[in-house]
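These notes concern the structure reproduced below.
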There are 2 protein chains.
Amino acid sequence: MVTLAEVAQHAGVSASTVSYVLSGKRSISATTRHRVEQSIRELGYHPNAGARALASSRSNIIALMIPLRTDMYVPVMMEIAIAVATTARTHGYDVLLLTGEEGPDAVRRVTGSGLADAMILMDVELDDERLPLLRDTDQPSVLIGLPADTSGLTCVDLDFRATGALCVEHLAMLGHRDIAVIGEAPAVYERHTGFAERTLDGLRSRAQELGARLLHRPCEGGYDAMAVTLARIFDERPGTTGFVVQNESAVEPLLALLRQQGRAVPEDVSVVAICPDQVAVQASVRLTSVSIPAQEMGRHAVEHLVAKLDGRGEDEVVLIAPELTVRTSSGPAAS
Amino acid sequence: MVTLAEVAQHAGVSASTVSYVLSGKRSISATTRHRVEQSIRELGYHPNAGARALASSRSNIIALMIPLRTDMYVPVMMEIAIAVATTARTHGYDVLLLTGEEGPDAVRRVTGSGLADAMILMDVELDDERLPLLRDTDQPSVLIGLPADTSGLTCVDLDFRATGALCVEHLAMLGHRDIAVIGEAPAVYERHTGFAERTLDGLRSRAQELGARLLHRPCEGGYDAMAVTLARIFDERPGTTGFVVQNESAVEPLLALLRQQGRAVPEDVSVVAICPDQVAVQASVRLTSVSIPAQEMGRHAVEHLVAKLDGRGEDEVVLIAPELTVRTSSGPAAS
DNA sequence: ATGAAAGCGCTAACAC
DNA sequence: GTGTTAGCGCTTTCAT
């Protein structure tokens, strides 16, 4: 293993000079810099992470807590994780992957041990038990998702309320009066996941403003569950012509069932999905949808964190504006 | 920040005693152990990761390199990543998330800096450029996936050759003679991904042995691509009655298209999928499938790594035997 | 623009 | 069974 001292000796300078060449924290003459860089290359030197962390009390690591569950939005989580990792690298940080399993203890462990300089939490619940710890520590953090009380926290999320509103609006403008919402699995609502409730809020209030009738039904994924849900919906509201789907694993079953029942999309019923673009494009009908900006959220979270670590950056709530892409699953209501 | 020295003082013992209580590397009398543990709790002590890494030259971190691409098996990757993270925790390790982006440099950086004690590589290509580096270093590593030359390496993977054979066997036993294989996107084959080629090998050799005719077609995901591919297949081999699908995003489109063409599953055609169980169960027809044991692979990789780090554990190639679950998408060939 | 040297908090000989 | 102490490799004052 090559040490900084060896590099210093090889280059004929002192250890501190090598250190400063590396950090750029003080000016170095061009000649010595080049000599040092040359030695570094020749010897294949890599600074020791532990020593660096100990001396500087900076690990250059960002912790990312992902949910343990894989019942929901897996591709989105993955995309966020990848965006976090690649963005972090461009700022000189690595990413430590934590699962929700340890719960609040993970937060204590990471902040207490100096393993990471900052953390990003995904899958935040409305009243998340990790939040008090985050408020108590001076370690910067960013939530992806929105808890009930955001005071003293930085959050990044899609504006799900606006997303709900946008979906209803699109359908209402097309003349749809009876709109059904296919939601996430009941468990998601039971654990009060913020995005699901906020979407519902947006859907409901906008529907009321526009005089549309809304029927919301949570739905487990899959074909069978969707069949039951759909039957109930048409039972209660036979005149339903608009659908909003916020459940990836219900999308294709819904389309298949509608087809099977002889209801043409978009001639007889319109469908708007809230899902990643990939899902919307690959579905058997190209879906009008609001996409989930996974990459943007991940990138944003890291950049905010880096700003905080550099002493810039305030606490704030960033809500990303939803964008609805019209594809071929929505059209004017049959009259 | 609470240090080990402070704990020692508070407990009225020396620093080394505290250290040994923590590591269990020498016997401590019950009374001192309790006093120390008490102090640790009272003061809320957490060992400093950097200091520990420096002094012990062990970071207690395992690096996990995941592919940057998200065109394939995203839920599987996620499941592996989660299994790796949780298993690692049970052994006292944390997981550093690296994307393939940096390529071989990431390997150099991590081994060189002592950031991680070991690494797990996913998405290994047949002739992966990271392999020489792994062979050169004495840092333990495990590949999830199988390169062409496994000498000096430890690998864990589903036995895809046996998987292919098993699928053909199942269909052949049911009397199917003309079998079509819907594969991954062409790009996957072009980059010589090991699992895709090995599956194909298994399919082909077993088909030959059993006297079945095989038609292999790569396929981009999605409905439109699948429609084109399917048309071609029935064009070339009108008598096709068996399908093997190894492409998650082709599964549902295939089923929808078959339905649309009036080909009943499993009465007219049988379908066997190679995919996660979740996909097989949630599809519009419950699919006979060979599942991808993501959890098992992740767990296995970590446990092998931990064994190596503890001085146990040999290099070896672990091929997990495929299991085919019969569901309702396969049946006797129409005669 | 460069050097010397004092730690950072912990581990692991080495003593007893 | 416990204490003493010398580093681990780096950063960062304080000098010059």
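Each chain gets a letter, A, B and so on, in the order its sequence line appears, and its residues count up from 1.
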- For a side chain to side chain contact (heavy atoms under 4.5 Å, CB included) with B:L98, tell me which candidate from B:I120, B:L115, B:L64, B:V110 qualifies. B:V110
- Please tell me if the side chains of A:V317 and A:L146 come closer than 4.5 Å, counting only heavy atoms from C-beta onward. yes
- Item | Side-chain N or O of B:S29 closer than 4.0 Å to phosphate OP1/OP2 of D:dT2 | yes
- Query: Under 4.0 Å between a Lys/Arg side-chain N and an Asp/Glu carboxylate O for B:R135 and B:D315?
  - Reply: no
- Message: Go through it in stages, so that I can follow the logic: the residues are B:T17 and B:S14, the test is side chain to side chain donor-acceptor pair (under 3.5 Å), and I'd like the CA-CA distance, side-chain angles, deciding distance and then a yes or no.
- Response: CA-CA 5 Å; B:T17 297; B:S14 74; 3.2 Å; yes
Could you pull out every donor-acceptor pair under 3.5 Å between side chains of residues 4-12 of chain A and any protein atom, sequence neighbours left out?
from	atom 1	to	atom 2	distance (Å)
A:E6	OE1	A:T3	N	2.7
A:H10	ND1	A:S39	OG	2.8
A:H10	NE2	A:E42	OE1	3.4

- Item | Along DNA chain C, first and last positions that approach a heavy atom of chain A under 4.0 Å | C:dA1 to C:dG9
- Query: Are B:T32 and B:S29 linked by a side-chain donor-acceptor pair shorter than 3.5 Å?
  - Reply: yes
- Query: Which part of the nucleic acid, if any, lies within reach of B:S16 when heavy atoms closer than 4.0 Å are counted: base, sugar-phosphate only, or nothing?
  - Reply: base
- Note on the structure: From CG of A:N60 across to C1' of D:dC10 the rounded distance in Å is 13 Å
- Message: So A:N60 and A:D94, do their side chains get closer than 4.5 Å, heavy atoms only?
- Response: no
- Item | Interatomic distance where CG belongs to B:L115 and C1' belongs to D:dC8 [whole Å] | 16 Å
- Task: Step through the shown structure and confirm whether more than 12 heavy atoms of other residues, nucleotides or ligands are within 6.0 Å of CG on B:D149.
- Result: yes
- Message: Quick test of your reading of the model: are B:R109 and B:E102 salt-bridged, counting only N-O distances below 4.0 Å?
- Response: yes
- Query: Can we say A:D159 and A:R198 salt-bridge, meaning some charged N sits less than 4.0 Å from an Asp/Glu carboxylate O?
  - Reply: no
- If you count the non-hydrogen atoms of other residues, nucleotides and ligands that lie under 6.0 Å from CG in A:D105, is the total more than 12? yes
- Stretch residues 30-55 of chain A: residues that reach within less than 4.0 Å of DNA chain C through a heavy atom: A:T32, A:L54, A:A55
- Partner residues of A:R33 under the salt bridge (Lys or Arg N to Asp or Glu O under 4.0 Å) criterion, sequence neighbours left out: none
- Note on the structure: Residues of residues 17-25 of chain A with a heavy atom under 4.0 Å from any atom of DNA chain D, listed by number, are A:S19, A:Y20, A:K25
- State, with a plain yes or no, whether a side-chain heavy atom of A:V302 is found less than 4.5 Å away from one of A:Y93. no
- Task: Enter the inter-axis angle for the ends of the helix from C:dA1-D:dT16 to C:dC16-D:dG1 (five pairs per end, rounded to 10°).
- Result: 30°
